[in-house]
Colleague: 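Before anything else, here's the structure in question.
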There are 2 protein chains.
Amino acid sequence: MGSAIFQHIKKFIDWGVDDQEILTPFLQPLSVKKKGFLLEQGQICRANYFVVKGCLRLYFIDIKGAEQTIQFVIENWWITDLTSFLFQEQSEFYIQAAEATEVIAIENHRYDEMFQKLPKLERYFRLILQKNHQASQRRIKFLYSQTAEERYRNFNHLFPEFVQRVPQYMLASYLGFTPEFLSKIRAKK
Amino acid sequence: MGSAIFQHIKKFIDWGVDDQEILTPFLQPLSVKKKGFLLEQGQICRANYFVVKGCLRLYFIDIKGAEQTIQFVIENWWITDLTSFLFQEQSEFYIQAAEATEVIAIENHRYDEMFQKLPKLERYFRLILQKNHQASQRRIKFLYSQTAEERYRNFNHLFPEFVQRVPQYMLASYLGFTPEFLSKIRAKK
DNA sequence: ATCATTTCTTAAACTACATTAAGTTTTTTC
DNA sequence: GAAAAAACTTAATGTAGTTTAAGAAATGAT
């Protein structure tokens, strides 16, 4: 159980079998069906989720009722609504499976305890959060840098396999425009 | 020296005088004049910066030659171009003082060593990065949620003092529109 | 296999915001 | 404190992307 996560941890910190034994009881494997939810608006985010297999997205519903995708995650990435998770406040977000997905959950009520028992995870999560922060800086720059059409072509060029994995309307909302406009762009060439 | 930073660390982790003595040699206080740069495009980002007093912004220059502000930081926040800082690659960003600013720098070539000598800082920086990640999630949601005018009114309502601290053209680029449009909004009411 | 649902496309009318360019006000510098 | 530079305003014109609405295609359920 949890071998994917251990493999991942090993890439970042010194990690042995004894550590594994301590961590295991904190890990809870879960399956989510395509379109299933790990979190819905108004709920309190219970866990931090590690994707073993599949694809999740974090989105919210804007004033006009449209879904806006903040983030996609695939294998070996973590996802949560940090504010809701850490402070156990009602979330404004949904976390939904874009395809059938297996995750490992670490629940809030044992999060602090986990760090107490395994302080070396402080370093692992610092490094993970650094990667997240890099991704956010890149993403914000990306959103500001180009026109909608350029963003689509650029993204399509960088991640052609990923574009095939998710419905176009999700991609459109991630790239910051409407599905109709995406159709228009695609028709052009 | 560095008392502001020690005060800040104490809010997050258990911290004593002995720790302070170990950390001090890694800290380098710097002053930056208004409009001065801690980082320019094409350079390698040397340090992670903690703002003691003042205000910095992270921006880049887009294809059309316009400045786009990614992030503002004020007292008690950290800022760096993480990708350039960690991997010592050329940066695509500028870090500029929006007003006369005092910072404490921790340089890249001693960053790993610092964590070795003071492993408890892993936790401090994990918590800081969590806050950053929360801020990024909020920011991306904010950019998607509202029209340009709503974003301005909202931001102005939430941070009225801050709006006074920076030139309008910086604020406009942070909020994702042109200075001309900001003038138009302000004239309206 | 068939029906229902979800996703994608097309096209016309519309609008929020950008661009350009000139003038005004504020801030900085010596 | 005068001159230069930087920041802000105004207004006309332009356009990238939205909205609406209806039909076509793909996917899923039984």
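The chains referred to below are lettered A, B, ... by the order of the sequence lines, with proteins before strands, and numbering in each begins at 1.
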Colleague: Tell me the interatomic distance from B:Ile63, atom CD1, to C:dA18, atom C1', rounded to whole angstroms.
Modeller: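 Taking CD1 of B:Ile63 and C1' of C:dA18, I get 15 Å after rounding.
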Colleague: At under 4.0 Å between heavy atoms, how does the protein contact nucleotides 25-30 of chain D? Give one character per nucleotide, 5' to 3', with B, S or -.
Modeller: ---S--
Colleague: Describe, in one word, how the ring planes of B:Phe159 and B:Phe155 are oriented to each other, choosing from parallel (under 30°), tilted (30 to 60°) and perpendicular (over 60°).
Modeller: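 B:Phe159 and B:Phe155: tilted rings.
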Colleague: Within a 6.0 Å radius of atom CZ on B:Arg165, are there more than 12 heavy atoms belonging to other residues, nucleotides or ligands?
Modeller: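 It does: B:Arg165 CZ has more than 12 such atoms within range.
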Colleague: Is there side-chain contact between A:Phe60 and B:Ser145, with heavy atoms separated by less than 4.5 Å?
Modeller: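 They are in contact (side-chain heavy atoms under 4.5 Å apart), so the answer is yes.
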Colleague: Produce a footprint string for nucleotides 3-18 of chain D: one letter per nucleotide, 5' end first; B if the base is under 4.0 Å from any protein heavy atom, S if only the sugar-phosphate is, - if neither.
Modeller: ---SSSBB------BB
Colleague: Heavy atoms, side chains only, cut-off 4.5 Å: are B:Met170 and B:Gln96 in contact?
Modeller: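 Side chain of B:Met170 against side chain of B:Gln96, heavy atoms only: contact under 4.5 Å found.
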Colleague: Provide, to the nearest angstrom, the distance between the OH atom belonging to A:Tyr144 and the P atom belonging to C:dA18.
Modeller: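 Checked: the OH to P distance equals 11 Å.
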Colleague: Describe, in one word, how the ring planes of A:His8 and A:Phe50 are oriented to each other, choosing from parallel (under 30°), tilted (30 to 60°) and perpendicular (over 60°).
Modeller: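 The rings of A:His8 and A:Phe50 sit tilted, inter-plane angle from 30° to 60°.
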Colleague: Does any non-hydrogen side-chain atom of A:Ile70 lie less than 4.5 Å from one of A:Gln68?
Modeller: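 Not touching, per the 4.5 Å side-chain cut-off.
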Colleague: Take atom OH of B:Tyr152 and atom C1' of C:dA18, then tell me their distance rounded to the nearest Å.
Modeller: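 Taking OH of B:Tyr152 and C1' of C:dA18, I get 19 Å after rounding.
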Colleague: Is the shortest side-chain heavy-atom distance between A:Val166 and A:Tyr174 below 4.5 Å?
Modeller: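 A:Val166 does not reach A:Tyr174 side chain to side chain.
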Colleague: Sequence neighbours left out, what passes side chain to side chain contact (heavy atoms under 4.5 Å, CB included) with B:Gln41? Give chain and number order.
Modeller: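 Result, side chain to side chain contact (heavy atoms under 4.5 Å, CB included) vs B:Gln41: B:Tyr94.
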